[in-house]
Amino acid sequence: MIVRELELDLDAFEGPFDLLLTLVLKEELDLAEVDVAGIVVRFVERLAEREQLDLEACGEFLVLVAALLELKARGLFPDEEAELADLEPEEAAEELARRLAEYRRMKEAAAWLVERLAGERDRFFRIGPAPLAPQPERRLAPQDPAKLGEVLRLLAAPPATVSLAHMELRFPPVAQFVERFRALLTRRSVVDFDQEVGGLTRVEQAVAFLALLELRRANQITISQAAPFAPIRIARAEETAAANERTPAWIVHSA
Amino acid sequence: MDRPLRLVVANPLDALARTLEALLVVASAPLSLDELCAAAEEEQERVDLALGLLGERYAEGRSGIVLEQVAGGWAFRASRDAADACARLFERPVQRGLSQAALETLAIVAYLGPCSRPEVARIRGVAADSAVAGLVERGLIAEAGREDGIGGAVRYRTTPLFERVFGLDNLSQLPRLDDLGDDADMIRDRLHAVSAQRTA
Amino acid sequence: MDRPLRLVVANPLDALARTLEALLVVASAPLSLDELCAAAEEEQERVDLALGLLGERYAEGRSGIVLEQVAGGWAFRASRDAADACARLFERPVQRGLSQAALETLAIVAYLGPCSRPEVARIRGVAADSAVAGLVERGLIAEAGREDGIGGAVRYRTTPLFERVFGLDNLSQLPRLDDLGDDADMIRDRLHAVSAQRTA
């Protein structure tokens with residue numbers, strides 16, 4: 001088995017392992033987005049298909065994956081580097097097993113949710129108010145203005161010592177905006193791009209625009225602009241959406 | 001005496017009536033005859049007949065659910081007998097508090113003056129869409145123009161209702177936050193600096 | 001002879017059942033037993049009995065409207081028989097299935113909630129921002145305060161809509177975590193076996 005030709009199908013990447021390594025080293029693919037466990041699972045699956053243990057492949061794979069993991073760990077947890085280095089190999093293995101077990105359980109829980117959804121797809125219910133219902137009156141009890149100052153003080157306080165906030169990428173992934181626009185378009189038929197990205201940083205706006213092009217390329221949306229520099233409007237590509245819709249859909253929402 | 005195999009022959013319209021019931025109970029707006037026909041894949045005439053059946057079943061005095069024909073089409077409503085109970089359900093006693101998200105958003109808008117959703121999101125570190133929408137719906141904040149520049153985002157300010165609920169004559173009565181800064185601009189800078197630190 | 005004003009004495013629970021029907025048909029979310037009792041101004045026991053009556057009347061196969069116990073309360077939904085008709089008329093807010101990342105995030109929040117984005121990221125090993133934003137947008141998870149301590153991250157929990165979409169009465173109906181991830185134990189055993197072999 002040639003490790004570098006291992007075909008991967010991950011959320012963030014699809015293609016041979018070798019290409020993934022190249023992209024990571026060229027910093028064209030953010031390791032934070034790469035599910036390394038997924039690579040390991042794929043490798044183990046391939047390994048299991050063979051009768052004999054391919055020692056050479058295992059060795060090469062271990063070296064490559066270890067390097068990937070180290071790079072990723074440094075990127076994700078710079079502050080914890082010292083802490084991890086302190087672990088004895090056995091402890092590290094135990095910690096790895098523990099984390100792996102936790103993640104596997106969540107993966108199975110996710111699989112259970114998928115199955116559940118498939119079973120519930122013919123349950124339709126109303127979301128939102130009934131057509132002829134009385135208008136709810138939501139009066140608020142008197143509030144204490146001191147609470148406003150309190151929450152603002154908390155927001156203005158510098159984050160506590162070890163923060164994992166560095167995981168929030170400064171260059172947001174395109175997928176984030178793809179998901180966001182899709183979600184928005186399930187609620188609204190037309191979305192004003194400028195309004196959605198107004199106030200975001202230039203980089204974020206640029207990435208959001210890339211996401212638009214991505215969605216357009218996949219024929220999931222239509223983009224219109226009345227004139228140069230006029231607001232950009234995004235709408236669902238209805239018929240294609242209907243034609244491509246093969247994934248389970250389970251809830252409804254009245255027109 | 002011969003007994004018929006089935007004592008009650010199901011009315012052939014019953015299945016259609018059940019489909020219509022289902023459609024009406026899911027709808028959040030009245031459904032027109034056309035919509036009902038299209039969804040049930042049935043002739044208008046038969047849908048009309050089935051609606052007649054439902055009209056008898058879901059009639060005032062017979063059922064808590066009443067079928068009503070309104071301008072836009074057909075819809076279920078609560079019976080008049082249940083008006084008091086419905087009123088109790090909807091006019092529930094005053095809501096006690098605001099969620100953390102609502103409170104934070106409100107504090108930002110109150111102290112910093114007109115503020116856009118993206119700005120609130122940046123300061124809080126999470127998307128502000130639902131918090132802002134909720135506060136607008138409750139009438140505690142309202143739109144106040146747009147940010148400068150082409151395609152500037154909508155900005156929000158607090159409303160007179162906000163002042164009433166918080167027992168303030170005006171915004172200058174908000175508790176002073178001298179430890180954070182002398183004025184709105186300084187507080188704003190401080191909040192942005194912290195949020196940048198949080199995501200750095 | 002005096003004739004009674006009413007020839008037919010209705011089941012005394014009928015009036016209550018009608019009131020409950022009315023409440024359920026206008027409610028915008030499942031109503032808990034407490035809410036039903038408060039709105040109907042009735043004892044829990046009687047409301048329970050009336051709900052039993054309604055459960056028989058609005059049962060799958062009998063009616064297009066079905067009474068179900070979901071998300072900690074009672075609600076009407078369309079019968080499964082009418083799913084095709086409903087699908088023709090109503091828009092689905094979750095058009096495309098949830099991505100694997102979104103599903104895993106949803107599972108983590110459902111089991112460990114309230115939990116923050118960094119916590120989700122730690123378990124999944126990848127940043128969770130877009131998945132969390134998407135789930136919030138769809139109304140399946142919502143903010144639930146911040147982590148303790150200064151500058152704590154926003155935490156999330158699943159919403160009643162989540163329970164409703166997945167047809168759960170409450171989160172305890174999720175499979176027990178201990179019952180999941182058998183293969184995780186296998187992996188652990190294998191790791192230990194391998195290391196034992198090495199040192200042997």
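Since the model is a prediction, treat every value here as computed from it, not as a measurement. Letters go in sequence order (proteins before strands), and every chain restarts at 1.
- Neither the backbone nor the side chain of Val36(A) comes within contact range of chain C, judged by heavy atoms closer than 4.5 Å.
- Note: Pro175(C) leads Ala102(C), Pro175(C), Ala75(C), Ala78(C) in heavy-atom pairs under 4.5 Å with chain A.
- Salt-bridge annotation for Glu120(A) and Arg77(C): absent, with no side-chain N of the basic residue lying under 4.0 Å from a carboxylate O of the acidic one.
- The distance from atom CZ of Arg62(C) to atom CG of Asp81(C), rounded to the nearest 0.5 Å, is 13.5 Å.
- For Val136(C), the part lying near chain A is the backbone, with the side chain staying farther off; criterion is any non-hydrogen pair under 4.5 Å.
- Contact annotation for Leu168(C): both backbone and side-chain heavy atoms come within less than 4.5 Å of a heavy atom of chain A.
- Side-chain contact between Glu119(C) and Leu112(C): absent, with no pair of heavy atoms (C-beta onward) separated by less than 4.5 Å.
- For Ala29(C), no part sits under 4.5 Å from any heavy atom of chain A, backbone or side chain.
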(Q) Test ring-ring contact (aromatic ring centres under 6.0 Å, His included) on Phe90(C) and Phe124(A); report intermediate values, then the result. (A) CA-CA 9 Å; Phe90(C) 302 114; Phe124(A) 280 76; 7.1 Å; no
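- Rounded to the nearest 0.5 Å, atoms CG (Leu184(A)) and CG (Asp192(A)) are 11.5 Å apart.
- Ranked by heavy-atom pairs shorter than 4.5 Å toward chain A, the options Ser79(C), Ala133(C), Ser130(C) are led by Ser130(C).
- Neither the backbone nor the side chain of Ser116(C) has a heavy atom closer than 4.5 Å to any heavy atom of chain A.
- A salt bridge does not link Glu150(A) to Lys147(A): none of the charged nitrogens lies less than 4.0 Å from a carboxylate oxygen.
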